[in-house]
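Reading through the structure tokens given below for one structure.
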Amino acid sequence: MLTDTAATRAGGILTIDLPAIQANYRRLRQELGDVPCAAVLKADGYGLGDTVVGPALRKAGARTFFVALPDEGIRLRRALPDVPIFILGGLFKGAEEEYLHNDLLPVLNSLEEVERWAALARQKGNRLGAAIQTDSGMSRLGMPDSEILALHENQEILSSIELRLIMSHLACADEPAHLQNREQLQSFQRARRLFPEVPASLANSSGIFLGKDYHFELGRPGAALYGVNPTPAQASPMRPVVRLQAKVLQVRSIDAGRSVGYGAAFRAKTKSRIATLALGYADGFLRHLSDRGFAWYQGIRLPLAGRVSMDVAGLDITALPEGSLQPGDLVDILGPDQGVDELAAQAGTIGYEILTSLGRRYHRIYRSV
Ligand SMILES: *Cc1c(COP(=O)(O)O)cnc(C)c1O
């Protein structure tokens, strides 16, 4: 039974295990050997709360942080006053002064961005820190070889910028046998040879498990810190971080042939018992889980019944002894029996999307010891 009054008013309880995140950080450090490990906190720390998770990771030893957007960097800066924060999305036009003001380091993704940062440096009469990103094969962000070469030859620009990092991003690191991993590694090695004195970083969570060749001078994990399996072909080396419990609003018995939910998409084959849960797609409980997702109660797996609606979802609890589940009770959506990777598989997506979709309406509990 819930006693916390905020929890009594919420449809779902989301418990985030900070020591598990810290243990995952240490596990990744162990994999990296002597190579330091940054932490990626984009999208509000993968939905878990960047301003809470950031300081926990700093306590665990992280000294370099990455977010996607300058807005995210500004918020994180207040929680972490004294660490380098890199902005993966680059140097947003018109926001350059905000980077300076909040001590944010752009990951410069094009020669145009490098030139704009260098011009600001000349105007301020200071060298300005930044990372440069090479496009080693993902064709998403970063400079092609031609721009990297042009930059290497432009001493005037380089003299205005303090290069803190050269980096690139792997497209297929979660598939160790994929040929593109080697190709991207070789492309990145060619680029970094032009800047031999600048620390280099290539590996995201899965990249860290590709071995030493991929480690360079800095690991750059996100998802694995938060309990997503970085080695999908094998058992996860990471500890689960989130538990999501959904509240039962109502329990009913229905006769065979009766439908549940919008579109009458589920029809009971036999006399059944249905529990209505207080979470829906507005909470990031993806509608694609309709009729294919599961919840757990006391070690028993229970199938969803009917379409997930905005605020509620139906659960077939016929497998439970009658009366064992009552309004106000909680069932596990994410927990010891079913982690983010399993729920993602049920929804036809990846753990990343499950985490970053986690709703704002859940009552959040941060476990800190
Ligand atoms: C998101 C991101 C990461 C972290 O990736 P994970 O797979 O979550 O570990 C690292 N580098 C870049 C450039 C990213 O965009």
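In each ligand, atom 1 is the first atom listed, and ligand 1 is the first ligand listed. Just the heavy atoms: all of them, side chains too, but no hydrogens, waters or symmetry mates, feed the values below.
With F294 as the aromatic partner, R301 meets the cation-pi criteria of under 6.0 angstrom to the ring centre and within 45 degrees of the ring axis.
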Check ligand 1 for N or O atoms under 3.5 Å from a protein N or O and list each pair with its distance.
unit_1, atom_1, unit_2, atom_2, d
ligand 1, 7 (O), N204, ND2, 3.0
ligand 1, 7 (O), Y352, OH, 2.6
ligand 1, 8 (O), Y46, OH, 2.5
ligand 1, 8 (O), A223, N, 2.8
ligand 1, 9 (O), S205, N, 2.8
ligand 1, 9 (O), S205, OG, 2.5
ligand 1, 9 (O), G222, N, 2.8
ligand 1, 11 (N), H169, ND1, 3.3
ligand 1, 11 (N), R220, NE, 3.0
ligand 1, 11 (N), R220, NH2, 3.0
ligand 1, 15 (O), K42, NZ, 2.7
ligand 1, 15 (O), R140, NH2, 3.3

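Classification of D82 and R63 as a salt-bridged pair fails, no side-chain N sitting under 4.0 Å from a carboxylate O. The pair R243-D332 meets the salt-bridge criterion, with a side-chain N (NZ, NE, NH1 or NH2) lying under 4.0 Å from an Asp/Glu carboxylate O.
In this structure, F188 has its ring center closer than 6.0 angstrom to the ring center of F216.
Using modelled atom types, one side-chain atom of R220 and one backbone atom of S168 make a donor-acceptor pair closer than 3.5 Å.
The aromatic rings of Y226 and Y46 sit tilted, their planes meeting at an angle between 30° and 60°.
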